[in-house]
Amino acid sequence: MAPTMAVPSTQTKPHHRREVSAVPQSEMLRRRNEELEKELKKSVEREDKMREELKKIWERLRVAEEAEERLCSQLGEFEAEAVDQARAYRTRVLNLMDQLSLAKKLLQSASVPVPSSQ
C-alpha cells in the first residue's frame with residue numbers, strides 16, 4: 001500500500017472554529033456597538049440637559065446682576081438724598097441757633113432777665 005497523506009484533525013478544527021467563533025464575535029461586536037450607541041445617546045441627552053440648565057442659570061445670573069445694579073443705583077440715590085437732608089438739617093439748626101442768640105441779645109439789651117440754658 002502506498003502511504004496516504006492524512007490530514008490531522010487538529011488542522012481542520014481551527015479553521016472550523018474560526019467560522020463558528022466568527023459569528024459570535026460579529027454578534028459581540030454588534031451588541032457592543034449597540035451599547036456604545038446607547039451610551040452616546042445618553043451622553044448627548046445629558047449634555048443637552050446640562051446645556052439647558054446652564055442657560056437657565058445664566059439667565060438667573062443676568063437677572064440677579066441687573067437687580068444688583070438697580071439696588072446699587074437706588075442706594076446711591078438714597079445716600080445722596082440723606083446727605084442733602086443732613087446738610088439741610090444742619091443749616092436749619094444753625095439758623096435757629098443764630099435766631100436764638102439774636103433773641104437773647106435783644107432781650108439782654110432791653111434789660112429783660114433771660115433764664116440760663118442750664
Side-chain angles (χ1 to χ4, degrees):
M1 267 204 211
T4 60
M5 278 186 107
V7 177
S9 61
T10 58
Q11 287 180 355
T12 59
K13 285 186 181 179
H15 180 65
H16 184 64
R17 283 184 192 156
R18 277 190 225 130
E19 289 177 12
V20 171
S21 66
V23 173
Q25 186 178 8
S26 66
E27 182 65 21
M28 267 187 4
L29 291 174
R30 186 186 62 77
R31 287 181 183 165
R32 180 66 179 143
N33 190 35
E34 287 175 0
E35 289 173 9
L36 291 173
E37 286 176 355
K38 286 179 185 178
E39 288 178 25
L40 176 62
K41 184 178 179 181
K42 287 179 184 178
S43 175
V44 168
E45 288 172 358
R46 280 193 311 267
E47 183 180 341
D48 290 342
K49 184 178 178 182
M50 293 300 287
R51 187 176 286 118
E52 193 61 35
E53 190 175 331
L54 180 62
K55 285 180 184 178
K56 289 177 184 177
I57 291 171
W58 190 264
E59 180 61 22
R60 287 194 338 237
L61 176 63
R62 187 187 62 77
V63 168
E65 286 177 341
E66 287 177 2
E68 179 188 19
E69 287 177 14
R70 284 192 306 271
L71 288 172
C72 287
S73 175
Q74 289 175 351
L75 180 60
E77 291 172 5
F78 290 144
E79 287 176 342
E81 186 178 335
V83 168
D84 287 344
Q85 287 179 356
R87 287 180 180 156
Y89 179 76
R90 184 176 185 277
T91 300
R92 178 77 176 134
V93 167
L94 291 175
N95 284 338
L96 289 173
M97 286 174 52
D98 288 344
Q99 287 178 8
L100 185 59
S101 178
L102 182 61
K104 188 174 181 181
K105 285 181 185 177
L106 286 173
L107 288 174
Q108 285 176 348
S109 67
S111 296
V112 176
V114 178
S116 68
S117 60
Q118 292 177 347

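What you see is a predicted model; the values in this text were computed from it and never measured.
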Should K41 and E37 be marked as a side chain to side chain contact (heavy atoms under 4.5 Å, CB included) after you check the CA-CA gap, both sets of side-chain angles, and the distance that decides it?
CA-CA 6 Å; K41 184 178 179 181; E37 286 176 355; over 6 Å; no
When rounded to the nearest 0.5 angstrom, what distance separates [atom1] in [X] from [atom2] in [Y]?
| X | Y | atom1 | atom2 | value |
| --- | --- | --- | --- | --- |
| E65 | R62 | CD | CZ | 9.5 Å |
| L106 | L102 | CG | CG | 4.5 Å |
| R31 | S26 | CZ | OG | 10.0 Å |
| R32 | E39 | CZ | CD | 6.0 Å |
| S43 | M50 | OG | CE | 11.5 Å |
| R90 | N95 | CZ | CG | 11.0 Å |

For the pair R92 and Y89, evaluate side chain to side chain contact (heavy atoms under 4.5 Å, CB included) and give the outcome as yes or no after the intermediate values.
CA-CA 5 Å; R92 178 77 176 134; Y89 179 76; 5.5 Å; no
Steps toward side chain to side chain contact (heavy atoms under 4.5 Å, CB included) verdict (R51, L54)
CA-CA 5 Å; R51 187 176 286 118; L54 180 62; 5.6 Å; no
Using side chain to side chain contact (heavy atoms under 4.5 Å, CB included) as the criterion, point out the one residue from E69, E68, Q74 that pairs with L71.
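Of the listed options, the one satisfying the test is Q74.
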I'd like to know if the side chain of S101 reaches the main chain of M97, judged simply by a donor and an acceptor atom lying under 3.5 Å from each other, with no hydrogens or angles considered.
no
Would you call [X]-[Y] a salt bridge at under 4.0 Å N-O?
| X | Y | result |
| --- | --- | --- |
| K49 | E45 | no |
| E27 | R30 | yes |
| K56 | E59 | no |

K104 versus L100: any side-chain heavy-atom pair under 4.5 Å?
no
Does any part of the side chain of P24, heavy atoms only, come nearer than 4.5 Å to the side chain of M28, both counted from C-beta?
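They are not in side-chain contact.
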